[in-house]
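The structure displayed is predicted, hence computed values, not measured ones.
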Amino acid sequence: MVLDQLQRMGAATIHSVMGLGRAALMLLGAIFGKPSIRKGTPLLIKQLYVVGVLSLLIILVSGLFIGMVLALQGYTVLVKFGAEQMLGPLVALSLLRELGPVVTALLFAGRAGSALTAEIGLMKATEQLSSMEMMAVDPLRRIISPRFWAGVISMPLLAIIFTAVGILGGHLVGVDWLGVDGGGYWSAMQANVDLYQDVFNGIIKSIVFAFIVMWIALHKGFDAVPTSEGISRATTETVVTASLAVLAFDFILTALMFGG
Amino acid sequence: MESTLSDIMVDIQNLSFSRGDNLIYDGMNMTVEKGKVTAIMGPSGIGKTTLLKLIGGQLRPDSGDILFRGRSIPKMNRSELYQTRKDMSMLFQSGALFSEMSVFDNVAFPIREHTKLPESLIKIMVLMKLEAVGLRGARDLMPAELSGGMARRAALARAIALDPQLIMYDEPFAGQDPISMGIVVKLIRALNNALGLTSIVVSHDVTEVMSIADYVYVVAEKHVIGEGTPEQLRQHESPLVQQFLKGEADGAVPFHYKAAPYADELMELL
């Protein structure tokens with residue numbers, strides 16, 4: 001009984017370590033799969049469009065609403081202390097440090113990550129990856145690498161757009177609706193937001209999240225069991241694992257950046 | 001089969017391969033002669049596709065060797081393997097066309113990947129290949145718009161795009177209507193003769209295989225159980241080979257999956 005249990009635990013451990021190894025190999029192949037400029041650039045541009053531009057709408061809408069909600073919630077508390085002129089920094093700092101990178105990564109995992117997993121899983125199931133390999137074309141270089149880099153490039157940009165739109169949304173609610181002084185909104189923000197501490201750290205977070213989300217999404221697709229059930233499981237796993245990983249890494253990064 | 005070394009395209013020596021605990025091949029030997037259509041037949045589920053993937057180097061054998069033009073596939077490193085694969089080609093059962101590209105771009109794909117030819121020349125090459133399979137008029141269609149038979153022909157055009165020396169067909173006749181089956185049979189033979197190819201056809205469609213193959217291997221129970229030209233094979237003394245060729249429901253391969261005696265099981269239920 002006990003031995004059986006131990007054996008099962010060992011098998012599960014070996015299984016997960018092997019999975020991690022395969023994922024690492026795939027990541028290395030994608031990063032160092034020296035894409036030639038002549039062939040790689042058009043592929044990258046196409047994926048930037050699919051992964052980045054097509055995610056714009058959901059990012060814009062969510063950013064606007066999150067900024068609006070932040071301003072509304074912040075105002076109700078701040079006004080009690082007569083500190084409503086601090087609404088600008090509140091909105092900007094929450095978005096720059098946390099909500100911008102994190103919510104973008106979560107939305108991105110749901111919008112682009114799941115689509116990538118399903119796409120690659122289906123390519124595997126229909127033997128497209130296998131046939132590419134037989135044509136002496138490395139699927140890591142041809143399929144995985146452009147998607148990976150497109151995600152890593154576009155996600156920080158999307159986070160910046162999300163934050164900017166959120167700040168405008170905060171302005172819309174705070175200044176135009178609730179009557180906070182407009183000049184104060186911007187000037188307090190300027191005085192309290194630090195370029196390195198807040199803006200750069202937010203972007204660094206976003207880059208780290210982009211790596212995590214793309215890695216998980218592409219690996220889950222590449223490693224999917226090539227059946228309809230396997231692909232649906234892989235897609236779900238992408239969203240769940242990527243979201244949890246983003247939140248966990250957010251805590252670690254926040255502790256490193258703002259903890260000390 | 002009497003042949004000199006240089007006439008052999010693929011030489012499989014004492015090949016063993018297993019998936020998990022499941023032994024698929026145990027000490028199998030097989031040779032594929034240059035310029036011939038060699039067929040590998042056997043019941044489904046014995047890993048015929050696996051064999052093609054072993055030859056293509058996508059899987060590695062547990063033991064034994066696979067020689068392609070005298071060079072060992074399992075011992076090659078990655079770049080040698082990719083170089084070698086340019087000389088071989090595989091037609092997958094589903095066709096495996098790239099779904100986001102048109103038929104033209106699919107056929108042009110290997111040419112664009114491996115050469116730096118100008119687009120005008122690529123166009124001529126692609127149209128030649130498509131003409132050979134009768135799909136020149138379908139060049140602008142997307143794979144989703146093709147019928148199953150057309151998809152396989154388009155995939156065949158892509159497979160011969162770079163004039164490989166060896167082409168492997170994975171179940172080329174499965175799921176085809178009689179007309180497209182006839183077309184594929186004709187194409188395999190015609191391409192083999194016209195382009196000087198060597199072909200390996202993996203299939204369980206006895207009639208079609210016997211009509212085009214120069215040499216046939218029947219694989220079952222983890223190794224080759226019968227081989228020869230189609231005529232020799234029809235005279236084969238093995239009951240298993242005969243059962244397979246004639247398509248009998250019961251015989252050396254029992255109709256029933258392994259089970260306890262029927263009477264015993266019924267008695268237990270009473």
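For Arg158(B), the part sitting under 4.5 Å from any heavy atom of chain A is the side chain, from C-beta outward, and nothing else. Interface remark: Leu81(B) contributes no atoms to any contact with chain A (heavy atom separation under 4.5 Å). Using a 4.5 Å cut-off between heavy atoms, Gln83(B) makes no contact with chain A at all. In this structure, chain A has a heavy atom under 4.5 Å from the side chain of Met168(B), while its backbone stays farther away. In this structure, the portions of Ser99(B) lying under 4.5 Å from any heavy atom of chain A include both its backbone and its side chain.
Between the side chains of Asp62(B) and Ser18(B), a donor-acceptor pair is found at a separation under 3.5 Å. Counted by atom type alone, Gln165(B) and Arg69(B) present one or more donor-acceptor pairs between their side chains at under 3.5 Å. No side-chain donor from either of Thr38(B) and Glu33(B) sits under 3.5 Å from a side-chain acceptor of the other.
Ring pair Phe211(A)/Phe209(A): centre-to-centre distance not below 6.0 Å.
Chain A forms the most heavy-atom pairs under 4.5 Å with one residue out of Glu113(B), Lys53(B), Met90(B), and that residue is Glu113(B).
A salt bridge does not link Lys48(B) with Asp170(B): every distance from a Lys NZ or Arg NE/NH1/NH2 to an Asp or Glu carboxylate oxygen is 4.0 Å or more.
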